[in-house]
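Order of appearance sets the numbers: ligands from 1, and atoms from 1 within every ligand.
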Amino acid sequence: MGRPEARADVRLMEGYHSPQVDVDVRLNTNEAPEPPPETFVAALKVALDGIAWNRYPDRSASALRARLAEVEGRHVPGGLTAANVFAANGSNEVLQSLCLAYGGTGRRALSFEPTYALHTHIAKVTGTGVVEVDRNEDFTIDLDRAVEAVEQHRPVITFLCSPNNPTGRVEDEATVRVLLEAVERVDGLLVVDEAYGQFARWSAQALVHEDAPVVVTRTYSKTWSAAALRLGYLVGPTWVVAELEKVVLPYHLDSITQIAGQLALDHLPEMEARVERLVAERERLVEGLARLPVEQWPSGANFVLFRPTGRDGARVWSELVERSVLVRNCASWPRLEGCLRVTVGTRAENEAFLAALGEVLGVVAL
Ligand SMILES: *Cc1c(COP(=O)(O)O)cnc(C)c1O
């Protein structure tokens, strides 16, 4: 029997790898360590009774998008309406929709590496060419090199992740403005991935405007403590949203997700309090790491990138797993040789991580 072959480029691809090992302390995927409020879960259970199960969901997710426009519109000078919001199954589906609508054969997406691997992966899956621009040694963006690359390659999409996964770096307003101007000159779209946006003091949402080619993507997976939900969205000009609506599958967003997404937004102060607690915990984690023989990079998110000094990163990762602590192994990733990324967990999880790492690195507890 003959077997069909997948597309040549797909056959050469590697899938998305994030091993889920059964351990006590899971600090590898930047999830929130705390569940969402019980009142949210209770309200959702009640709301489920109101779903017309025999009917398709609201295809345009209009109520959810209107609520998101209200909440996120606080950060946008002119405010937002539902027509400025596109929602999908996780921000990964938002990114995929962007690549489907704007990418494709003969077009290019540009990324600043190292960054979130899914940007280039999703671009490739949609047949979009990829241009990777190296960051500086300290993971900052060399603006001259960035602008030059945009002008040379004329990417239709330029991805900017801020706070950047996995380095933690937050870009300032001046940097984003310079990139936006460069992107505008080549008729491109700037996609700012703010999966960790609530951890940062400034949001690129401030630049969202009907006449500006910039969109900002966000997710319920991290700060909203709802990775199980699979809900993400972007805010941007109405003309971008209109194109995305054409490429996404009809009824892609089920009724439960739409309702849960709205109800979660009723708990904004709780989310902000969780973010504050995580920032305080991150600072404790950073202080703990500073006492160990590791190099670490400043983070504006819920994770910290570090590199054990003089030790093989992959070995350290395995020895942490042996102690029932799972972090993200970036040791073999290009430009991240020997690096590991730890998600900020609960106080107890962070303590367990630091104790295990101290042991692995042969440091006696102080
Ligand atoms: C976690 C993460 C996402 C989230 O993807 P979802 O599909 O919404 O879970 C998007 N971008 C970055 C940079 C991330 O780290």
Side-chain angles (χ1 to χ4, degrees), residues 15-18 20 26-33 36 61 64 68 72 85-100 109-123 125-126 135 139 141 157-171 176 190-200 203-205 215-235 244 248 252-254 257-258 260-261 264-265 271 275 278 282 297 299-305 327-330 333 336 339 341-345:
Y16 179 68
H17 290 296
S18 180
Q20 291 294 3
R26 263 172 55 177
L27 302 173
N28 64 326
T29 46
N30 298 344
E31 293 150 313
L64 170 64
L68 280 167
E72 297 292 24
V85 181
F86 175 75
N89 294 283
S91 51
N92 284 331
E93 196 189 20
V94 174
L95 299 170
Q96 185 189 57
S97 303
L98 283 163
C99 286
L100 286 171
L110 184 145
S111 68
F112 301 104
E113 300 291 331
T115 190
Y116 186 48
L118 266 290
H119 292 156
T120 48
H121 179 75
I122 293 172
V125 167
T126 61
R135 289 169 183 259
F139 303 131
I141 291 174
I157 293 173
T158 296
F159 288 113
L160 178 66
C161 191
S162 177
N164 187 38
N165 181 4
T167 65
R169 188 181 165 78
V170 182
E171 299 305 338
V176 183
L190 180 65
V191 176
V192 185
D193 186 333
E194 289 193 357
Y196 308 92
Q198 290 90 345
F199 288 103
S203 167
Q205 288 180 333
V215 298
V216 178
T217 66
R218 289 193 161 189
T219 175
Y220 282 67
S221 299
K222 315 285 165 55
T223 50
W224 285 103
S225 287
L229 197 56
R230 307 307 301 133
L231 181 57
Y233 57 93
L234 68 70
V235 301
L244 301 182
V248 79
H252 67 128
L253 210 54
D254 69 68
T257 306
Q258 292 188 32
L265 300 180
M271 184 274 278
V275 167
L278 280 175
R282 183 187 70 212
W297 287 269
S299 170
N302 67 335
F303 53 84
V304 180
L305 185 76
V327 298
R328 194 65 190 268
N329 183 2
C330 314
W333 298 5
L336 291 171
C339 288
R341 187 197 68 195
V342 59
T343 303
V344 180

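- For atom 7 (O) of ligand 1, the nearest non-hydrogen atom from the set R230, E31, R218 belongs to R230.
- Close contacts of ligand 1 with C161, meaning ligand atoms under 4.0 Å from a residue heavy atom, involve 13 (C).
- In this structure, the protein non-hydrogen atom closest to atom 15 (O) of ligand 1 is Y196 OH, 2.6 Å.
- Taking distance alone, with nitrogen or oxygen atoms compared against 3.5 Å, S91 approaches ligand 1 more closely than that limit.
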Go through F199 and V170 one step at a time and tell me if the side-chain contact (heavy atoms from CB on, under 4.5 Å) criterion holds. CA-CA 9 Å; F199 288 103; V170 182; over 6 Å; no
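- Taking all atoms of both residues into account, the shortest heavy-atom contact from L98 to T217 is CD1-CG2, 4.4 Å.
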Does D193 form a side-chain contact (heavy atoms from CB on, under 4.5 Å) with T219? I'd like the steps, not just the answer. CA-CA 9 Å; D193 186 333; T219 175; over 6 Å; no
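- Contact atoms of ligand 1 toward K222: 1 (C), 2 (C), 3 (C), 4 (C), 14 (C), 15 (O) (distance under 4.0 Å to a heavy atom of the residue).
- In summary, the atoms of ligand 1 found under 4.0 Å from a heavy atom of G90, numbered by their order in the structure, are 6 (P), 7 (O), 8 (O).
- Taking every heavy atom of N165 and a limit of under 4.0 angstrom, the matching atoms of ligand 1 come to 13 (C), 14 (C), 15 (O).
- Residues N30 and R328 have side chains that never bring a donor and an acceptor to within less than 3.5 angstrom of each other.
- Heavy-atom distances between E93 and ligand 1 stay at or above 4.0 Å for every pair.
- Distances from ligand 1 to the non-hydrogen atoms of Y220 include no value under 4.0 Å.
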Go through it in stages, so that I can follow the logic: the residues are Y196 and F303, the test is ring pair (Phe, Tyr, Trp, His ring centres under 6.0 Å), and I'd like the CA-CA distance, side-chain angles, deciding distance and then a yes or no. CA-CA 10 Å; Y196 308 92; F303 53 84; 5.0 Å; yes
Can you check side-chain contact (heavy atoms from CB on, under 4.5 Å) on L265 and L68, steps first, answer last? CA-CA 8 Å; L265 300 180; L68 280 167; 3.8 Å; yes
Would R169 and I141 satisfy side-chain contact (heavy atoms from CB on, under 4.5 Å), going step by step from the backbone distance to the final call? CA-CA 10 Å; R169 188 181 165 78; I141 291 174; over 6 Å; no
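- Of all atoms in ligand 1, listed by their number and element, those nearer than 4.0 Å to a heavy atom of S221 are 6 (P), 8 (O), 9 (O).
- Remark: R26 engages E31 in a salt bridge, criterion side-chain N to carboxylate O under 4.0 Å.
- Residue T219 places at least one N or O, backbone or side chain, under 3.5 Å from an N or O of ligand 1.
- Using a 4.0 angstrom heavy-atom cutoff, D193 counts as in contact with ligand 1.
- Close approach to A195 involves these atoms of ligand 1, each under 4.0 Å from a residue heavy atom: 2 (C), 3 (C), 10 (C), 11 (N), 12 (C), 14 (C).
- Between Y233 and Y220, the angle of the ring planes goes over 60°, which puts this pair in the perpendicular group of the 30/60° scheme.
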